[in-house]
Every structure is written in C-alpha cells, then in structure tokens.
Amino acid sequence: MIILDGKTISKNRKETLKIEVNELIEKYNKVPTLAIIQVGSNSASQIYVRNKIKAAAFCNMNTRLIHFEETITEEELLNEIDKLNQDENINGIIAQLPLPKHINETIIINHIYESKDVDGFSTTCKGKLFSGIDSFTPATPTGIISLLEAYNIDISGKEAVVVGRSNIVGKPMAMLLLNKNATVTVAHSRTKDLASVTKRADILVVAIGKAKFITEDMVKEGAVVIDVGINRVDEKLYGDVDFENVAPKTSFITPVPGGVGPLTIVTLLENTVKAFKNQNK
Ligand code: GUN
C-alpha cells in the first residue's frame, strides 16, 4: 500500500509555480492576483480562505480578500463582482462557498467573467467540461486527477466509482474521470446497496462529508482510494474513509489531512496563473 502524498506533491508544485510567477512578474511588471469573496464567518471557510492566502503568498502571488457581513444583499455582491470583473489587476475571482441562504450561489458564480472564473464553477465552465472543451475546471477534482497522474496510476479503462454528487466535487470528478476514459459510476445517499457498488471500484473517490463512512468491507482488494472528506470530530480531523482499516486493502490511498486538500489549493493558484497568462497574451 502506498500513501498518496498530496502534501509533498503540492509543495513541489508550489515551488515550480513560484518560479513561473517570478518570471511573469519580471516580464509583465504585474503580479498574478486572486480575489476572494467571503461572506459571513463559516468556520470551514475561514480555514480554507486563510490557507489559500498563505499558499498564494508563498508563490509570490497577490490575493485580495473582500470580506462581507452575512447581511450583504445579492445585488451588492453582484456590484462588487462587476468591479472585480472590470479591474485589470484582478486575474481570478472566487466566491468562497457556501454563501448565506438568501443569496443565490448560481447567480453569483455566473456573474464572474468566464476568463476570471478560476474555480470553474460557472454554468459555462461546467458545460465546457461536459463537452470536453478546454476551460477552468474545479480545483478539487482536477487536483485528484493530477495526483493519480503523479503516481502513474492508469485511469483509462478502469472502473471508477465516485461517492457523492455535489456540484463542486462529485459531478465534475465523474466528468473528468470519464474524459480520461474511465468507466464511471456516481453513487450517492439514495444508492441502494452502496457496498456492492463501491466494491466494483478500481478507483474509489469519496466526497460525502461523513467521518469514516467507507469501511473495509466496501472496498475491493487493491483499489485506489481517494478521500475528499474533512470531518471534524472532537477536535480531530477524519476523512470519509475509515483509513486505519481500509488502507491495508488498498494499492494507493490518500491520508486526511495531507492528501487531497493541499492539491486543491495549488490547482486553484495554477488556474489563476493560467488566467493571468490568457489575459496578458
Ligand atoms: N467551498 C468548499 N470548497 C470550495 C472550493 O473549492 N471553492 C470555493 N469557492 N468554495 C469552496
């Protein structure tokens, strides 16, 4: 069993990105910049946003955090996005999710210019992903594909099972795996006899947000297991996979923390640098 070391891979990719950023700064006399819109004080969002800012700083990139009270209206938020869309110093824009209930996330995300939608969450980007057209793709599933590739894990022709059907992980994950020629099944909370589905997987990706939900009996011998879950229980972090008991059965498995999470952030920064280059062509 080999641990998929997302932390080290992400560190190496940040080092590489930093070199490229320095060259871009030299060439254009401008710094690749990511705007982060945060609304309210969701505790998970606080941590994600802090980590994104820290990683960007490591790569010599700029971030502009625009933090609003929970009470901001949809219209005010749209006005802010208008300004960021027009601002030549901003290359990428993300709205940290979740947004408060009174704000329609789809409307907000679709207001971001496609050229700056480095999260790839807009309907246009998702449609392009669906059609196999090059676009920004969501950072978590894109990071997972790059992690598999970094370890030379074949995807083509493999049985891939994605557990979870969220718009930001499960669905784009399924599409990215399909584009790499996997045979893909998406399982979810209504799937009957989930274990019989997950046991088919050569590559099992789990993103459901339930600590230690995937147990040893649900995994095929020699499977590659990717755990997207980050669940806080009694101040400790657990993935969606019961790592201790599942790991010995697998060929490769991601730890939590230190697996998928760090790759999500570096992929977002890479997307921002790609946006910068497109905008400065
Ligand atoms: N909330 C949880 N994950 C993400 C992410 O990757 N991007 C944004 N914008 N919000 C999130």
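Indexing begins at 1, ligand by ligand and atom by atom, following the structure's order.
Salt bridge present: K277 and E20 bring a charged side-chain N and a carboxylate O closer than 4.0 Å.
Note on residues 15-48: pairs passing ring-ring contact (aromatic ring centres under 6.0 Å, His included), not counting sequence neighbours, are Y28-F276.
Taking the side chain to side chain contact (heavy atoms under 4.5 Å, CB included) definition, one finds that T106 meets it with N104, N110, T123, sequence neighbours left out. With sequence neighbours left out, F136 forms a ring-ring contact (aromatic ring centres under 6.0 Å, His included) with no residue at all.
S115 and A275 get closest at one heavy-atom pair: O-CB, 3.7 Å.
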Per-pair distances, ligand 1 N/O vs protein N/O, less than 3.5 Å:
| from | atom 1 | to | atom 2 | distance (Å) |
| --- | --- | --- | --- | --- |
| ligand 1 | 1 (N) | Q96 | NE2 | 3.4 |
| ligand 1 | 1 (N) | L97 | O | 3.0 |
| ligand 1 | 7 (N) | D119 | OD2 | 3.3 |
| ligand 1 | 9 (N) | A95 | O | 2.8 |
| ligand 1 | 9 (N) | D119 | OD2 | 2.7 |
| ligand 1 | 10 (N) | Q96 | NE2 | 3.3 |
| ligand 1 | 10 (N) | L97 | N | 3.0 |

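A cation-pi contact links K18 to F58, judged by a cut-off of 6.0 Å to the six-membered ring centre and 45° from its axis.
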